Amino acid sequence: MIFLGAAFCGDGNSLFPPALPKQELVTMQIFDGTYNQLYLSANTAMTVKNLEDEWSYDTKLNATFDYDFDAGNCGFSLRNTDYIVVRRREAGTVEWIVIYAKKVETIEDFDLHIIDKYARSGVEYEYSVSSFVNGIENSYIIQNVYSDFNGFYITDKDCLYGTIYNVDACDTTRNTSNQVVKMLNSKYMKVVSNSELNCDSGSISGTFIRMNDGEGTLNAEEGLQYRNSVKSRLANKKPLILKIDDGRIWMIQVSGVINDTMNGHTDLRNISFEWVEIGDINDMKALYLNGFSDVDSKWW
C-alpha cells in the first residue's frame, strides 16, 4: 500500500521508533537480525542519511561492531588522544600548571588516579583534565576543589609526613643580599644590591605521635618508627615541599641539625629543623629539576 508517496518500509525514516515520554534509558536490546551500527543521539532532527561515525555532544551511544561491542567513545578517544594532561590553577588566576601528563596507548591508559600533594591550604583550585593529540588540546573538563588541612606537612613524590600537635608559628626570615656603602659626596649612605637573592628561611617544629585506632591512647612502638622515618627523610639531603595550614608553602631543603626533644612525656617527642627556600612551588621547571614532578620540558 502506498500512502502519500511512501510505502510501509519505503523511506529512510520509516523504521524509526515512535517518540516516547521523557524517561531514563536503562537498557537497549536488538535481536533477530544482522546489524552494522547502533547509534543513539539527542539530536531528534537527524536522519539515517547524515548518521555520523564521529562523536559529538549529541552522541549518547555509537556501536559500530567493528571488532567487539564497543558502544562507548573509548575507541574514538583512543584514536584521537596522544596524552592525558592534568593541570591546576588557583581559582581566579590565569596561569595553569601541568601537574601530570600521561602518554595514552591503550584503553587502560585512560584509568587515572593521582593525588596532588602540593596544594596549599585554604585555597580553591581549578583542575583541568585534557586530551591532547599532535600537541593540540582537543577536549577538557574542569572541576573546582577546595584544599584545606590542619597542622603542617612535608612531602615529595614518594612521602607525606605531617602533624597537628604542638606546631609552632614557623617564624621565617626573608633573605636578601645588600651592602651598605658610605658615600664620599653625600651625608647619606647607599645600599647596593648586586644579587637577585630573595627567598625565605626559617625553622619549624611539631610533635609527631601515633595513636591507637579507636582507643585514644599512644602507640609507642609505631610512634617511634614514624619519628625515625620523619628524621631519615629530613636528613637525606633531598628537596621537600613544606606547607602549613595558614596557606604558606615553600620548596625547601633542610639546612641545619634535626632536633628530637621530649615534650613532657617520653613518648611525646618534638621534632624541629631549620630550612631554606630553594625554588618556586609554581615553577614547573623547578618542580621537575628538584624531583617533585615527572612533567618534563615538553609541557613547560
Side-chain angles (χ1 to χ4, degrees), residues 57 77 80-104 109-162 170 172-177 193 195-202 204 238-253 275-300:
Y57 286 107
S77 297
N80 292 275
T81 302
D82 293 333
Y83 282 89
I84 293 294
V85 176
V86 181
R87 295 176 295 186
R88 181 195 70 201
R89 69 181 178 188
E90 294 188 15
T93 63
V94 177
E95 197 71 25
W96 288 100
I97 299 174
V98 178
I99 63 173
Y100 183 80
K102 181 179 183 180
K103 187 172 180 60
V104 175
D109 291 332
F110 286 109
D111 185 12
L112 303 179
H113 178 73
I114 63 173
I115 299 176
D116 183 13
K117 296 187 290 186
Y118 310 147
R120 64 191 187 96
S121 180
V123 175
E124 183 177 6
Y125 285 99
E126 291 181 331
Y127 288 88
S128 167
V129 181
S130 304
S131 169
F132 277 77
V133 59
N134 297 324
I136 301 174
E137 185 178 24
N138 56 26
S139 64
Y140 65 89
I141 58 173
I142 295 177
Q143 182 69 48
N144 285 37
V145 177
Y146 186 76
S147 172
D148 189 31
F149 58 85
N150 295 319
F152 80 87
Y153 286 87
I154 53 172
T155 182
D156 59 17
K157 282 196 307 181
D158 304 316
C159 77
L160 179 66
Y161 297 105
C170 188
T172 62
T173 299
R174 178 55 59 93
N175 299 279
T176 60
S177 179
S193 300
S195 171
E196 295 184 3
L197 180 66
N198 182 11
C199 65
D200 289 337
S201 61
I204 192 169
K238 293 182 180 180
L240 284 164
I241 300 295
L242 169 63
K243 58 181 188 178
I244 308 176
D245 55 13
D246 60 10
R248 291 180 293 169
I249 187 170
W250 300 273
M251 184 186 302
I252 70 164
Q253 194 160 349
W275 56 268
V276 294
E277 187 178 15
I278 62 170
D280 184 356
I281 188 64
N282 295 313
D283 184 346
M284 288 187 288
K285 182 177 180 180
L287 289 168
Y288 178 78
L289 294 178
N290 286 286
F292 295 112
S293 171
D294 294 322
V295 179
D296 59 22
S297 57
K298 176 182 176 68
W299 305 102
W300 297 346

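The first residue of the sequence shown is numbered 1, and numbering continues consecutively from there. Keep in mind that this is a model prediction, so the values were computed, not measured.
- Scanning for salt bridge (Lys or Arg N to Asp or Glu O under 4.0 Å) contacts around D296 gives an empty result, with sequence neighbours left out.
- For the ring pair (Phe, Tyr, Trp, His ring centres under 6.0 Å) test, residues two or more places apart in sequence or in another chain that qualify with Y83 are W299.
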Donor-acceptor contacts, no H, no angles, side chain residues 91-99, under 3.5 Å, sequence neighbours left out:
{"unit_1": "T93", "atom_1": "OG1", "unit_2": "E90", "atom_2": "N", "d": "3.4"}
{"unit_1": "T93", "atom_1": "OG1", "unit_2": "E90", "atom_2": "O", "d": "2.5"}

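- Taking Y140 as the reference, nothing meets the ring pair (Phe, Tyr, Trp, His ring centres under 6.0 Å) condition, with sequence neighbours excluded.
- Qualifying ring pair (Phe, Tyr, Trp, His ring centres under 6.0 Å) partners for Y146, counting only residues two or more places apart in sequence or in other chains: none.
- Residues passing the side-chain hydrogen bond (donor to acceptor under 3.5 Å, both in side chains) test with N175 are S201, sequence neighbours excluded.
- Checking T155, I252, N290 one by one against L240, the side-chain contact (heavy atoms from CB on, under 4.5 Å) holds for a single residue, I252.
- Residues that satisfy the salt bridge (Lys or Arg N to Asp or Glu O under 4.0 Å) test with D283, not counting sequence neighbours, are absent from this structure.
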For residues 130-138, tabulate all N or O donor-acceptor pairs below 3.5 Å that involve a side-chain atom, not counting sequence neighbours.
{"unit_1": "S130", "atom_1": "OG", "unit_2": "R87", "atom_2": "NH2", "d": "3.2"}
{"unit_1": "S130", "atom_1": "OG", "unit_2": "S128", "atom_2": "OG", "d": "3.2"}
{"unit_1": "S130", "atom_1": "OG", "unit_2": "E137", "atom_2": "OE2", "d": "2.6"}
{"unit_1": "S131", "atom_1": "OG", "unit_2": "T81", "atom_2": "OG1", "d": "2.8"}
{"unit_1": "S131", "atom_1": "OG", "unit_2": "N138", "atom_2": "OD1", "d": "2.9"}
{"unit_1": "E137", "atom_1": "OE2", "unit_2": "R87", "atom_2": "NH2", "d": "2.7"}
{"unit_1": "N138", "atom_1": "ND2", "unit_2": "N80", "atom_2": "O", "d": "2.8"}

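- Every residue two or more places apart in sequence or in another chain that forms a salt bridge (Lys or Arg N to Asp or Glu O under 4.0 Å) with D156 is listed here: R233.
- Looking at residues two or more places apart in sequence or on another chain, you find a ring pair (Phe, Tyr, Trp, His ring centres under 6.0 Å) between F292 and Y118.
- With sequence neighbours left out, D116 forms a side-chain hydrogen bond (donor to acceptor under 3.5 Å, both in side chains) with R88, Y127.
- K157 pairs by the salt bridge (Lys or Arg N to Asp or Glu O under 4.0 Å) definition with D294, not counting sequence neighbours.
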